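Following: one structure in structure tokens, then a few remarks.
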Amino acid sequence: MDYDVNCIFCKIVNGDIPSAKLFEDDDVLAFLDVNPVTYGHALVISKKHYPNFLSCPKDIMNKVMNVAQRIGQVQIEQLGAKGINILINCKEAAGQEVSHFHVHVIPRYAATDGFKLEFKKLKEVNLPVVAEEIKSKLN
Ligand code: 5GP
Ligand code: ZN
């Protein structure tokens with residue numbers, strides 16, 4: 001499915017909902033997040049409707065990430081950001097609210113600028129067992 005009538009990002013691609021656009025080509029659209037977590041928080045999306053990171057074809061993924069990289073560079077050069085976070089929420093359990101593949105490009109001005117991803121460490125993990133579990137299914 002290229003277009004989902006119930007998808008807010010498809011409506012943005014189609015021009016049915018306005019957005020503050022940053023970049024557009026045949027496959028990729030970038031625009032500002034309507035609820036930015038920092039100044040200049042951008043979203044980069046595939047124009048076609050793929051529900052999430054796992055279902056996006058590799059060639060489109062490459063194009064989306066290239067645009068995300070360029071926007072990150074400009075956030076640093078032009079907005080004075082000191083760093084960026086690239087964030088992809090994939091599926092509801094990971095906090096994905098809009099089911100249309102997108103990459104957050106979040107400019108960071110300081111470690112205390114209000115955005116924080118908390119990494120709470122698991123206490124006891126048998127790393128070789130976990131590694132084997134994953135490796136056994138990788139091609
Ligand atoms: P998710 O949690 O799915 O990774 O993030 C979805 C993001 O889309 C949120 O940060 C939210 O603010 C943003 N968003 C949701 N609806 C709209 C909209 O209509 N316009 C824009 N520009 N951003 C939106
Ligand atoms: Zn969509």
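Since we're looking at a predicted model, the values are computed, not measured. Values below: all heavy atoms of this structure, side chains included; hydrogens, waters and symmetry mates excluded.
- Asp4 is linked by a salt bridge (Lys or Arg N to Asp or Glu O under 4.0 Å) to nothing, counting only residues two or more places apart in sequence or in another chain.
- The neighbour count for Leu122 CG, taken as heavy atoms of other residues, nucleotides or ligands under 6.0 Å away, does not exceed 12.
- Under the side-chain contact (heavy atoms from CB on, under 4.5 Å) criterion, Gln73 pairs with Gln69, Arg70, Glu77, sequence neighbours left out.
- Under the side-chain contact (heavy atoms from CB on, under 4.5 Å) criterion, Asn126 pairs with Pro128, Val129, sequence neighbours left out.
- Applying the salt bridge (Lys or Arg N to Asp or Glu O under 4.0 Å) rule to pairs touching residues 113-128 yields Arg108-Asp113, sequence neighbours excluded.
- Both Ile86 and Val67 are assigned to one and the same hydrophobic cluster, defined by single-linkage of ILVMFWY side chains at heavy-atom distances under 4.5 Å.
- Contact record, Ser19 with Ile12: OG-CG2, 3.5 Å, taken as the closest heavy-atom pair.
- Residue Cys7 holds its SG atom at 5.5 Å from NE2 of His100, rounded to the nearest 0.5 Å.
- Follow the hydrophobic side-chain contacts under 4.5 Å out from Leu79 and you never reach Val37; the two are in separate clusters.
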Report, one line per pair, each donor and acceptor closer than 3.5 Å where one atom sits in a side chain of residues 51-61; sequence neighbours left out.
unit_1 : atom_1 : unit_2 : atom_2 : d
Asn52  : OD1    : Leu54  : N      : 2.9
Asn52  : OD1    : Ser55  : N      : 3.2
Asn52  : OD1    : Ser55  : OG     : 3.4
Ser55  : OG     : Asn52  : N      : 3.1
Ser55  : OG     : Asn52  : O      : 3.1

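- Considering only residues two or more places apart in sequence or on other chains, Leu117 meets the side-chain contact (heavy atoms from CB on, under 4.5 Å) condition with Leu87, Phe115, Phe119.
- To the nearest 0.5 Å, the span separating CD1 on Ile106 from CG on Leu43 amounts to 8.5 Å.
- Of all heavy-atom pairs spanning Ala68 and Val103, the tightest one is CB-CG1, 4.3 Å.
- Residues Val13 and Ser46 approach most closely at CG2-O, 4.5 Å, considering heavy atoms.
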Side chains of residues 20-32: which donor-acceptor partners sit under 3.5 Å, not counting sequence neighbours?
unit_1 : atom_1 : unit_2 : atom_2 : d
Glu24  : OE2    : Lys47  : NZ     : 2.8
Asp25  : OD1    : Asp27  : N      : 2.9
Asp25  : OD1    : Val28  : N      : 2.8
Asp27  : OD2    : Lys63  : NZ     : 2.8

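- Clustering ILVMFWY residues whenever any of their side-chain heavy atoms sit less than 4.5 angstrom apart, transitively, puts Tyr109 in a cluster other than the one holding Val74.
- With sequence neighbours excluded, no residue forms a ring pair (Phe, Tyr, Trp, His ring centres under 6.0 Å) with Tyr50.
- When every heavy atom of Asp2 is checked against every heavy atom of Cys10, the shortest pair comes out as O-SG, 4.3 Å.
- Within the structure, the salt bridge (Lys or Arg N to Asp or Glu O under 4.0 Å) test picks out no pair touching residues 80-99 (sequence neighbours left out).
- Contacts classified as salt bridge (Lys or Arg N to Asp or Glu O under 4.0 Å) and involving residues 6-15 (residues at least two apart or in different chains) are not found.
- Cluster membership check: Tyr39 does not share its hydrophobic cluster with Ile84, using side-chain heavy-atom separations under 4.5 Å among Ile, Leu, Val, Met, Phe, Trp and Tyr.
- Listed by chain and number, the residues in a side chain to side chain donor-acceptor pair (under 3.5 Å) with Asn89 amount to none (sequence neighbours excluded).
- More than 12 heavy-atom neighbours from other residues, nucleotides or ligands sit within 6.0 angstrom of CD on Glu132.
- Partners of His104 under the ring pair (Phe, Tyr, Trp, His ring centres under 6.0 Å) rule, at least two apart in sequence or in another chain, are His41, His102.
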